[in-house]
Amino acid sequence: MNNKIASPDPELAKSGGRSASLHGTLGHALVFFTAWILITLAGITPRPHLDSLDDVQVGEPSPRTVTAPFTFKFVDQKETERLRSDAEKTVPRTFERVGGVVEGAMEKWDALVEIAQGRSNGLWANENEVTEASQSAKQFWVGLNKEQQNLLSDMAKDPVKTEAVENRMLHTLVDEDILLSQDELRLLQPTASTQAVPWKLKKLDGTMEYNQSGAAVLSVTTAQRLVSRDVADLHFQNTPVAEKLADDLAHAFIRPTLRLDQYKSQLDRQAAKAEIPSVSITVKQNQNIVRKGEEVLQDEYAALVELSTKKQSRAGEITARAMLLAVVLGLFFAFLKRFEPDLYQDLPRTTALFGMAALIVWVGFLVSWASDLNEGVVTPVEYLVPVAAIGILVTFLENSRLGIFSVILATLLVGIQFQWEFSSLLLLGVTGVLAVTHVSGVDRRSQIYLACPWIFGPGLLMAIANHLLENPSYAAFTGNLSPLLWSAIWLFINGVLSVWIAFLLLPLLEDMLGVTTEFKLREISIYHPLLRQLEEKAPGTYYHSLNVSALAESAAAAIGANQLLVKVAAYYHDIGKMEKPSYFAENQFTEEDKKKHSKISPQMSCLIIRNHVKLGLEMAREYKLPEAILPFIAEHHGTTLLSYFYDEARKEDPHGTITQEDFRYPGPKPQTIESAILMIADSIEAASRSMNLVGENQIRLFVKRMINDKTIDGQFDECNLTFKELGIMTESFTRTLKTMMHRRIAYPSNPDIETGGGGKKPEQQPNKVQSLFGRGGV
């Protein structure tokens with residue numbers, strides 16, 4: 001199908017041809033360099049490129065002797081990490097003093113003593129003066145049972161005991177360093193290799209104090225247990241109630257006085273690691289790094305990696321790949337210019353084509369990255385690249401030949417960028433070509449899914465063959481089936497992903513590029529709101545369009561034109577008549593309708609008739625009909641003369657000022673063979689309504705006269721119709737029109753029906769619009 005439907009203005013082409021050519025060249029250059037840069041960037045990845053180490057593995061015998069061609073150094077990672085880890089372990093942890101612990105505990109104790117002594121009424125007289133400590137003391141008091149409250153009240157009445165308990169808790173909070181948890185405490189406990197763990201204390205005033213050991217530091221549970229024991233032994237009776245009260249007091253008043261400063265400690269550890277320089281090993285020139293047959297150690301492998309990195313410049317590698325990519329993309333541009341000139345001149349379509357190629361390469365980048373991450377565990381991941389997707393899309397948007405070429409292009413591009421094995425690239429290319437050959441014949445979107453088996457089935461057979469080549473013996477083949485399993489998984493996902501990408505992008509590209517696919521044509525041929533409106537508002541025009549569609553489709557099929565496009569375009573070519581349907585003969589069902597044009601001037605009649613083309617284009621754009629339909633609406637009358645109205649106007653013009661140009665359709669003339677077919681079919685169908693054609697020869701002469709009139713009028717000057725094609729179409733129109741105009745045998749009960757065309761026919765009164773049909777229709 002020719003999707004390039006817009007025809008340039010000849011005068012504009014003459015005046016601005018050189019400027020348009022320059023702009024086109026610059027546009028193609030921009031597309032080329034943009035695609036080239038995008039595809040090249042897909043290969044600049046932060047992955048290690050150790051092609052020279054493919055056959056070298058740590059712990060395995062070296063397949064060759066490697067000698068240093070020059071002196072170089074490499075980092076001993078293992079020793080460097082050991083030294084930095086040791087330095088990190090020796091960094092003292094930083095702890096900070098918790099402020100307000102002693103003051104808060106003493107304030108709470110004083111409030112509790114007042115409550116126990118019965119002097120707490122004034123503590124909450126003013127709610128604004130209630131402190132956190134007094135509130136906490138009250139909650140503690142309320143939480144005690146009656147026996148504990150009585151015991152605490154007896155103690156509070158004895159100033160000696162009260163002061164002793166207060167001093168014991170104060171001594172613990174002031175003189176002891178208390179941590180919240182055992183986990184923090186373990187950081188200060190010595191190990192078998194250390195007798196003391198130093199630590200730093202950040203005081204409340206911001207100064208730092210260095211401590212040589214953390215042995216004296218307590219956990220909060222230990223401190224609470226010691227205080228509880230002393231308070232119970234010294235100041236209460238040795239009863240369960242007294243012990244429980246002492247334990248509750250210790251838990252309520254003994255809190256951590258130290259906490260770990262995580263941020264400062266981490267900074268110190270990082271600084272200590274940073275101070276340890278990397279440990280380097282020097283390899284002298286001509287020194288053997290590893291000998292053939294010797295086990296490759298980790299240090300030797302590290303030396304080989306460093307040597308490979310220094311020998312292989314990424315800049316040189318990237319430059320080489322960029323040059324190869326430029327050659328392949330240039331080849332594709334040359335192919336388009338030579339074999340697809342229409343597409344080459346359509347810059348948006350060319351851009352979309354190269355954009356799809358870049359998309360496939362970037363999918364290859366993601367797959368290549370994933371392959372590096374899994375380190376070959378689930379190979380071959382490259383089978384996942386949906387090369388077939390670009391072939392399917394290009395086949396639907398353009399043609400199958402370009403789809404196959406696009407598959408080859410995408411395969412070459414990913415092969416250059418990621419240096420995959422030839423067997424993998426062959427599999428991707430073959431499955432992509434098979435997918436294209438399948439979808440090139442489908443006529444429904446749902447059938448695209450059938451491309452999946454053509455990717456999975458042959459791909460799996462090729463994967464089995466590749467595995468057999470690498471493992472020719474039965475034991476080797478069956479002993480390592482994991483790659484085959486992963487191949488099946490990746491190929492299945494490849495098929496689904498290719499179809500999914502095609503389904504997702506095809507409607508978007510159709511709308512963005514103005515490309516009309518067969519899917520879109522079939523969809524609007526089944527149902528569209530405009531067709532429903534045409535049937536309701538202008539039923540005569542609707543059935544006229546159906547007949548034109550039948551005539552045009554047969555003629556297009558006869559000469560090998562796009563019959564689906566012609567058929568669907570015929571449905572919509574006269575939608576502009578819905579605005580004023582009764583001014584067109586096929587919709588004039590009453591005597592009043594037939595008098596429409598007799599009440600207005602010939603000029604006004606001509607304006608109304610011609611305006612249906614403009615209105616049709618407006619409706620088509622409003623309802624978003626495919627771009628390929630619009631030329632048929634604009635061109636189906638070309639610049640045909642409305643001869644009846646022209647003759648009537650001349651009769652009313654005694655001075656001879658009327659010209660034919662005033663009564664011609666605005667055009668343009670048909671630009672394609674399909675548009676010319678529609679023009680002829682429209683004229684033949686309209687004119688045949690007002691004629692009594694009997695016999696095949698009479699119909700053939702009528703068709704020839706209609707085609708000759710259009711040819712003499714120059715309506716086919718701007719399309720590529722040949723006399724041979726006109727002759728073939730004449731026969732096709734004759735056969736179809738003969739079928740459409742056949743007469744039925746009259747029933748005996750109805751004498752008014754003619755039998756075989758021999759009866760008398762009621763006299764027809766000619767009217768203005770009916771006469772037009774004899775001259776090509778409106």
Side-chain angles (χ1 to χ4, degrees), residues 42 356-357 359-372 374 376-396 400-442 446-472 476-506:
M356 286 185 281
L359 174 64
I360 297 301
V361 174
W362 274 95
V363 174
F365 161 75
L366 296 177
V367 171
S368 179
W369 180 261
S371 178
D372 286 336
N374 74 70
V377 177
V378 290
T379 56
V381 184
E382 57 266 25
Y383 290 173
L384 186 59
V385 180
V387 170
I390 187 174
I392 296 173
L393 281 170
V394 174
T395 299
F396 290 144
S400 58
R401 179 180 65 175
L402 189 57
I404 292 175
F405 197 84
S406 300
V407 169
I408 297 173
L409 169 74
T411 305
L412 290 175
L413 293 177
V414 297
I416 292 172
Q417 282 294 59
F418 309 114
Q419 296 182 338
W420 288 326
E421 295 181 357
F422 174 77
S423 58
S424 299
L425 298 176
L426 181 64
L427 183 147
L428 293 176
V430 170
T431 54
V433 170
L434 288 174
V436 168
T437 58
H438 168 71
V439 300
S440 60
V442 303
S446 59
Q447 292 177 323
I448 301 178
Y449 281 115
L450 298 179
C452 290
W454 289 95
I455 297 174
F456 176 76
L460 185 58
L461 290 176
M462 295 183 69
I464 294 173
N466 291 335
H467 188 68
L468 185 59
L469 287 174
E470 296 175 359
N471 305 274
F477 183 88
T478 58
N480 184 24
L481 293 178
S482 177
L484 274 182
L485 175 62
W486 283 110
S487 297
I489 294 174
W490 296 143
L491 287 169
F492 177 78
I493 297 176
N494 186 338
V496 175
L497 186 62
S498 297
V499 171
W500 180 80
I501 291 175
F503 262 111
L504 180 66
L505 294 184
L506 183 58

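Note: hydrogens, waters and symmetry copies are ignored here, and every other heavy atom, side chains too, is used.
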Would you give the length of the straight line joining atom CD1 of I448 to atom CG of L393, rounded to the nearest 0.5 angstrom?
8.5 Å
For V387 versus A410, what's the shortest heavy-atom pair and its separation?
CG1-CB, 4.1 Å
Got a second to check how far L460's CG is from H467's NE2, nearest 0.5 Å?
11.5 Å
Please report the shortest heavy-atom distance between V407 and G391, naming the atom on each side.
CG2-CA, 3.6 Å
Nearest heavy-atom contact between G403 and T395 is CA-OG1, 3.7 Å
Counting distance only, does the side-chain N/O of N494 pair as donor-acceptor with the main-chain N or O of W490 below 3.5 Å?
no
Close side-chain approach of L359 to L505, heavy-atom, < 4.5 Å:
yes
CD1/I464 to CG/L469 distance, rounded to the nearest 0.5 angstrom?
12.0 Å
Taking T437 for the side chain and L434 for the main chain, is one N or O donor matched with an acceptor at less than 3.5 Å?
yes
Distance-minimising heavy-atom pair for I392 and A451
CD1-CB, 4.2 Å
Can you tell me how far apart CG (L384) and OG (S498) are? Round to the nearest 0.5 Å.
9.0 Å
Find out whether I360 and L413 are in side-chain contact, i.e. whether some heavy atom of one side chain is under 4.5 Å from a heavy atom of the other.
no
Drop me the distance from L497's CG to C452's SG, to the nearest 0.5 angstrom.
10.0 Å
Below 6.0 angstrom between ring centroids: does that apply to W362 and F365?
yes
Check this for me: F477, atom CZ, are more than 12 non-hydrogen atoms of other residues, nucleotides or ligands nearer than 6.0 Å?
yes
Note, L427 side chain near L491 side chain (heavy atom, < 4.5 Å):
yes
List the atom of P386, the atom of V363, and the distance in Å for their closest heavy-atom pair.
CD-CG1, 3.4 Å
A42 and V361: which non-hydrogen atoms are nearest, and at how many Å?
CB-CG1, 3.7 Å
Restricting to ring-ring contact (aromatic ring centres under 6.0 Å, His included), what partner residues turn up for F456, sequence neighbours left out?
none
Taking atom OG of S423 and atom CG of L425, what is their separation to the nearest 0.5 Å?
8.0 Å
